[in-house]
Each structure stands twice: as structure tokens, then as C-alpha cells.
Protein chains: 2
Amino acid sequence: MVTKQLSGTPENADLARADSLAREIFSDVANKWALLIIEALGERTLRFGEVRSEVDGISHKMLTQNLRMLERNGLAQRKVHPTVPPKVEYTLTEPGLALRETVHRMCDWTHRYIDHIETSRDRFGAADTP
Amino acid sequence: MVTKQLSGTPENADLARADSLAREIFSDVANKWALLIIEALGERTLRFGEVRSEVDGISHKMLTQNLRMLERNGLAQRKVHPTVPPKVEYTLTEPGLALRETVHRMCDWTHRYIDHIETSRDRFGAADTP
DNA sequence: CCGCATCCGTTTGGATACTG
DNA sequence: CAGTATCCAAACGGATGCGG
């Protein structure tokens, strides 16, 4: 299991809990929108609408939902300016920035193997890519 | 957008296509089950049922579905032994192994920040973690 | 043992509208 | 502009059965 490595010696009960928590965090984070948002934010501070236009394709609802999740996990910070019209800014925290590093790795990976993958898809018999 | 960096200078049409393809691959790969399977396979060759018991929680259907996807993208190789009962083995390819590296980074990240995240969740007001 | 198909409940995600 | 709620379609995901 993925989280196996997280616990050096899986021998006591604390680790079982940590493992389950790790699984939960992993599930939160290992999804398309969350990773795209983290990437979009980068080292900048963006307003809600700015993130929205950066991510492109994401709906209002999904953005809100995922930003909430990131905030809850302490990956992004939410700064509300009590003005009118409202202005809400989001910034990645240290953990968020660290996670972003791994997203970069995944992007690099995509870049490196995109040709290989395309070829593989062709060979497999592409009849389902609209 | 995440895939922005994939195209050094986003100026011609080829890159737009590559970008869309990158997005598609990213969506395929950036999901819980796919990453867990890749991690489970590791450098070993496992039979269908072995993967199933490694990943734990995954259903027959989801496993099949994701293994097909990994095969289609050339991330995993499928070896059928025409015996009875059938024996089908799966192995990560080079690209698959490379992707696995990034999964490891994500696991390391989880390990490093799990406490921070747990604390953050508590502060946020944990009323929804069953 | 493995793969494919089917049924079906659950969840996700988009569109819209309303509030502050 | 941002957040919340509602409605509804689509996709996900589990269980089961048959076929190779």
C-alpha cells in the first residue's frame, strides 16, 4: 500500500491512525482540481476570480470546494478584505508550496513522456478519445 | 494553468495540441487509484489478484479499469500466460517507474507535513471527519 | 483466475439563482 | 466579487453473473 513507507516500523497503534490519516490526505490531494489549483497559485497571491481564470475549465463550485479543502488542510491561506465589493485572496502556505514541488515533478514527467504515451495510445487502438 | 510550463514558448498550434494532451494525461494519472496502483506495483511484477490485495480497498472493477488505462498509456505492461487457470502479470514500464518517483515525493510530502495538516484541521473546526 | 458486461446506488460536478 | 444553496445530469464505484 502506498502509505506503507510512511511508517518505518508498522508495529504500534499510533501508526495505524497516522496511516489512515495519510490515506485521507492523499485522497484529498491526489485529484485533478486540487493539483491544478496548487500549481496555478504558485508563489503568488491570487484573488478568487484570478485563480478561476488561471485554472480554466474549473467551475465556481469546484473551485470553492477545493479552496476550502486546501485551507482546511493548511495548504492555502485565505485572506478576506472586508471591502465592497469583497476581495478574497489565496496564498499557498509553506506546506502548499512544498506540495507544489511534487506537482512540478509530475508536470516534468508528463513533458518527458508525452510522446511515448501518445505512441502507446495509438498502438493500443485509439477509438475512445473524443 | 498547470501545463503552461510544458510548452516553453506557447506560440504555435502544435503546442496547443500537446497542451491538451498533457491535460488529458494529467487527468488520467492524477487520481487516487492510479497512483496507488503504481505505488503498489513498484519494481515488482504482480498478478492481478496480488495487486488487488496490495492496494486494499480497491474493487475488481476499478482495478481492471485503471490497469487498462495504465496499459493504454504505456505505463504498465500486461503479460498474459495462456494457462488454465489464467495468469496475468503486470509490470511497470520505464515511464511508469519514473512516474512512481513522483508518487514517492508525494508520500514523502505527506509524511513531512502530516502533523501540520492534522493541527490545521483541528483549528479549522473538525466536525466532518468520521 | 481473469476479464467483460450489467445493474444500481452514491457521489461528483456543472448551471443557475440568491445573499452580503 | 465571493460564497452558499438548489437542482439535475453524468460519472464513479460496488456487486454480481457469465464467459474464456
Checklist outcome for this item: Sorted by number, residues from residues 59-67 of chain A placing a heavy atom under 4.0 Å from DNA chain C are Ser59(A), Lys61(A), Met62(A)

Checklist entry - Looking at dC2(C), dA2(D), dG3(C), which one has an atom nearest to any side-chain atom of Arg47(B)? => result dC2(C)

Checklist entry - Separation of Asp28(A) atom CG from dT12(C) atom C1', in whole Å? => result 15 Å

Checklist entry - When you match Pro85(A) and Asn31(A) each to their closest nucleotide on DNA chain C, which lands nearer the 5' end? => result Asn31(A)

Next on the checklist: One pair to check against side-chain hydrogen bond (donor to acceptor under 3.5 Å, both in side chains): Glu71(A) and Tyr90(A). What are the steps and the verdict?
Outcome noted: CA-CA 9 Å; Glu71(A) 190 193 358; Tyr90(A) 293 91; 5.9 Å; no

Checklist entry - Tell me: CD of Glu89(B) to C1' of dC1(C), nearest whole Å? => result 12 Å

Checklist entry - Between Lys32(A) (NZ) and dC12(D) (C1'), how many Å, whole number? => result 14 Å

Next on the checklist: Would you compute the distance between atom CG of Leu99(B) and atom CD of Glu39(B) and round it to the nearest 0.5 angstrom?
Outcome noted: 10.5 Å

Next on the checklist: What contact category does Arg52(A) fall into here, base, sugar-phosphate, or nothing, at under 4.0 angstrom with non-hydrogen atoms?
Outcome noted: nothing

Next on the checklist: In whole Å, I'd like the distance from the NE2 atom of His81(B) to the C1' atom of dG20(D).
Outcome noted: 17 Å

Item to check | Pairwise distance CD(Glu54(A)) to CG(Leu36(A)) - rounded to 0.5 angstrom | outcome: 11.5 Å

Next on the checklist: Is the shortest side-chain heavy-atom distance between Glu101(B) and Arg105(A) below 4.5 Å?
Outcome noted: no

Next on the checklist: Strictly below 4.0 Å: does Arg78(A) bring a side-chain N or O up to OP1 or OP2 of dA2(D)?
Outcome noted: no

Checklist entry - Quick one: does Trp109(A)'s side chain have a donor or acceptor within less than 3.5 Å of a partner on Pro95(B)'s backbone? => result yes

Checklist outcome for this item: By ring-ring contact (aromatic ring centres under 6.0 Å, His included), His116(B) pairs with (sequence neighbours left out) none

Checklist outcome for this item: Closest of dG14(D), dC4(C), dC1(D) to the Trp33(B) side chain is dG14(D)

Checklist entry - Once you round it to whole Å, what is the distance between P of dC1(C) and CD of Glu50(B)? => result 11 Å

Next on the checklist: How many whole angstroms separate atom CZ of Phe48(A) from atom C1' of dT4(D)?
Outcome noted: 11 Å

Next on the checklist: With a 4.0 Å limit, can you tell me whether Tyr90(B) has a side-chain N or O closer than that to the phosphate oxygens OP1/OP2 of dC1(C)?
Outcome noted: no

Checklist entry - Are any non-hydrogen side-chain atoms of Glu24(A) and Ser27(A) less than 4.5 angstrom apart? => result no

Checklist entry - Starting at CG of Asp56(A) and ending at C1' of dG14(C), how long is that distance when rounded to a whole Å? => result 15 Å

Checklist outcome for this item: Winner on side-chain proximity to Arg68(B), out of dG3(D), dG3(C), dC1(C), is dG3(C)

